[in-house]
Protein chains: 2
Amino acid sequence: MDTAHVEEPRWLSDEEQRVWRAYVHATALLEDHLDRQLQRDAGMPHIYYVLLACLSEAPHRRLRMTELAMTMKITRSRLSHAVARLEKNGWVRREDCPSDKRGQFAILTDQGMSVLKQAAPGHVNAVRQAVFNRLSPDQQKALGEALQIIAEGLEPKDASADLPWLR
Amino acid sequence: MDTAHVEEPRWLSDEEQRVWRAYVHATALLEDHLDRQLQRDAGMPHIYYVLLACLSEAPHRRLRMTELAMTMKITRSRLSHAVARLEKNGWVRREDCPSDKRGQFAILTDQGMSVLKQAAPGHVNAVRQAVFNRLSPDQQKALGEALQIIAEGLEPKDASADLPWLR
DNA sequence: TCAGATAAGTTGAGGATTCAAGTACAAGGT
DNA sequence: ACCTTGTACTTGAATCCTCAACTTATCTGA
């Protein structure tokens, strides 16, 4: 038998499989749930809500495209398309960066802010109902820690490298 | 001041926000990571891999469309499109259900099985590296439990209602 | 100062997903 | 038998995302 060179990969144990399935199912269900809720009540998918929320917390409600993409952990391309759409809705506008002619700011408009404010309660409610109302404080803490670790491991190596325009 | 009737929603506490952000970031990063890995190495997104895996574990590698959709926690529509694509690749085929003329089976082909087998090691490896290698057994257990609870809460009420064709 | 390498951002094509609507069949009651 | 309601699944259009290619501008080093 000629199997010496065939590395059998290390499969997931039963325990691990249960955890992994829970992950796949929970995330599928929750993303769908939030997308549907926001689409219905505010006319945007979850990620667009997050985008508006990010901008709303930034100084002057404005962020450079790249910085926004990094905070949201999405590609620049995806962000470009998203901002284009939100711009059409009048919820975000762009502005050139004076110090770097390649650069663009995405800016939350007043209308965008007001849409966000309207959407927020329903969204928070959905999150609370799906997640926080069901988990004990200990469970919440453990969940957060585990996810934090996973996120850190997937972060592009030098995500924390200084953005030039922040010095 | 006329604010008596304006229910201020219960916002997330700082603790809760940290957990929620970890959730949003970790799931975004991980889905992207797995999608990219599988797209590169096997020519399909993560969900399609899961679909093949589900079929591979079913008796005779076949499942009714609705049942498959329920196991995967996706809509029938999404499944229809997905199976159509996988069928074009020759990885899945359909077959009419004899006892219910509306029904369809999705069946994993030999070619699909072999593609799955080829993709599995790389995928398991990616999952292990991103998740299980980074978490202690206790953390894994806690993560699984929390996600399990979240999933249960979002499951359509009667998901466990007997499918007629299973009696 | 100038060529190459990098960075910021956009674009378009090809897939994937959602939603609403549609087809075809089954079940249940009268 | 017939009609109504519900189930199984598909379809098409609109939207969204990915990937690779592209434009424009900045940086780096000789």
Side-chain angles (χ1 to χ4, degrees), chain A residues 28-29 31-40 43-51 63-70 72-89 92 94-106 156 158-159 161-166, chain B residues 28-29 31-40 42-51 63-70 72-89 92 94-106 156 158 161-166:
Chain A
L29 287 165
E31 259 307 291
D32 273 21
H33 184 65
L34 297 181
D35 271 342
R36 246 186 279 283
Q37 187 270 319
L38 277 166
Q39 194 72 59
R40 182 167 41 77
M44 64 184 133
H46 179 214
I47 184 99
Y48 287 23
Y49 174 93
V50 175
L51 201 165
L63 240 27
R64 283 286 294 271
M65 293 295 279
T66 294
E67 201 175 355
L68 183 49
M70 289 177 83
M72 297 188 57
K73 281 114 176 68
I74 63 175
T75 62
R76 291 210 248 301
S77 171
R78 189 176 177 184
L79 179 62
S80 257
H81 288 296
V83 167
R85 201 272 230 177
L86 292 173
E87 201 174 20
K88 242 176 241 158
N89 290 25
V92 168
R94 297 181 209 238
E95 203 168 283
D96 292 343
C97 174
S99 63
D100 183 339
K101 284 177 191 161
R102 296 167 305 178
Q104 288 274 105
F105 284 101
D158 53 357
D162 7 24
L163 281 336
W165 56 82
L166 294 179
Chain B
L29 287 166
E31 260 308 292
D32 273 22
H33 185 64
L34 297 181
D35 271 342
R36 244 185 281 282
Q37 187 269 319
L38 277 166
Q39 194 72 59
R40 181 166 43 74
M44 63 184 133
H46 179 214
I47 184 100
Y48 287 25
Y49 175 93
V50 175
L51 201 165
L63 241 26
R64 283 285 294 269
M65 293 293 280
T66 296
E67 200 175 355
L68 183 49
M70 289 176 84
M72 295 188 58
K73 283 113 173 67
I74 63 175
T75 63
R76 287 207 251 289
S77 171
R78 189 175 175 184
L79 180 61
S80 258
H81 288 296
V83 167
R85 202 272 228 176
L86 293 173
E87 202 174 18
K88 242 175 239 157
N89 290 23
V92 168
R94 296 181 210 239
E95 204 169 284
D96 291 344
C97 174
S99 62
D100 184 339
K101 284 177 190 162
R102 295 166 305 178
Q104 288 274 104
F105 284 101
D158 51 359
D162 5 25
L163 281 337
W165 57 81
L166 295 179

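No experiment lies behind these values; they were computed from the predicted model shown. Lettering of chains follows the sequences in order, A, B, ..., and the numbering in each one begins at 1.
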* A:Glu31 and A:Asp35: CA distance, side-chain angles, deciding distance, side chain to side chain contact (heavy atoms under 4.5 Å, CB included) verdict -> CA-CA 6 Å; A:Glu31 259 307 291; A:Asp35 271 342; 3.8 Å; yes
* side chain to side chain contact (heavy atoms under 4.5 Å, CB included) between A:Gln104 and A:Val83, worked out -> CA-CA 11 Å; A:Gln104 288 274 105; A:Val83 167; over 6 Å; no
* To do: Let me see the working for A:Glu87 and A:Arg94 under side chain to side chain contact (heavy atoms under 4.5 Å, CB included), right down to the final yes or no.
  => CA-CA 8 Å; A:Glu87 201 174 20; A:Arg94 297 181 209 238; 3.0 Å; yes
* Decide side chain to side chain contact (heavy atoms under 4.5 Å, CB included) for B:Arg78 and B:Ile47; before the verdict, give the C-alpha distance in whole Å, the side-chain angles of both, and the deciding distance to 0.1 Å. => CA-CA 11 Å; B:Arg78 189 175 175 184; B:Ile47 184 100; 3.9 Å; yes
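Within residues 44-51 of chain B, no residue has a heavy atom under 4.0 Å from DNA chain D.
Mapping B:Arg76 and A:Thr75 onto DNA chain D by nearest heavy atom places B:Arg76 closer to the 5' end of the strand. DNA chain C is contacted by both A:Ala84 and A:Gln39; A:Ala84 maps to the nucleotide lying nearer its 5′ end (nearest heavy atom per residue).
Distance CG/B:Leu51 to CE/B:Met44: 10.0 Å, rounded to 0.5 Å. The CE atom of B:Met70 sits 8.5 Å away from atom CZ of B:Arg76, with the distance rounded to the nearest 0.5 Å.
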* Structure fact -> Heavy-atom contacts, protein to nucleotides 20-25 of chain D, under 4.0 Å, summarised as B (base), S (sugar-phosphate only) or - (none) per nt, yield ----BB
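Residues B:Asp96 and B:Phe105 approach most closely at O-CD1, 4.1 Å, considering heavy atoms. What you find for B:Gly103 and B:Arg64 is that their closest heavy atoms are CA-NH2, 3.5 Å. For the residue pair A:Ala69 and A:Leu79, the shortest heavy atom distance occurs at N-CD2, 3.6 Å.
At whole-Å resolution of the value, CG in B:Leu63 and C1' in D:dC9 are 15 Å apart. Taking atom CD of A:Glu31 as the reference point, atom P of D:dC16 lies 14 Å away to the nearest angstrom. For the pair A:Arg78 CZ and C:dA16 P, the computed distance is 15 Å after rounding to whole Å. In this structure, A:Leu34 atom CG and C:dT17 atom P are separated by 18 Å, rounded to whole Å. What separates CZ of A:Arg36 from P of C:dT18 is a distance of 7 Å, to the nearest Å. In this structure, A:Phe105 atom CZ and C:dA8 atom C1' are separated by 12 Å, rounded to whole Å. Rounding to whole angstrom units, CZ of residue B:Arg85 and C1' of C:dG14 are separated by 11 Å. Computed from coordinates, the A:Leu79 CG to C:dT10 C1' distance equals 11 Å when rounded to whole Å.
In this model, no side-chain donor or acceptor of A:His81 finds a partner on the base of C:dG9 within 3.5 Å.
Residue B:Asp32 is in sugar-phosphate contact alone, with no base atom involved, counting any heavy-atom pair closer than 4.0 Å across all strands shown.
Side-chain atoms of A:Gln104 lie closest to C:dT10 of the nucleotides D:dC17, C:dT10, D:dC19.
Applying the 4.0 Å criterion to OP1 and OP2 of C:dG9, one finds that A:Arg64 has a side-chain N or O inside that range.
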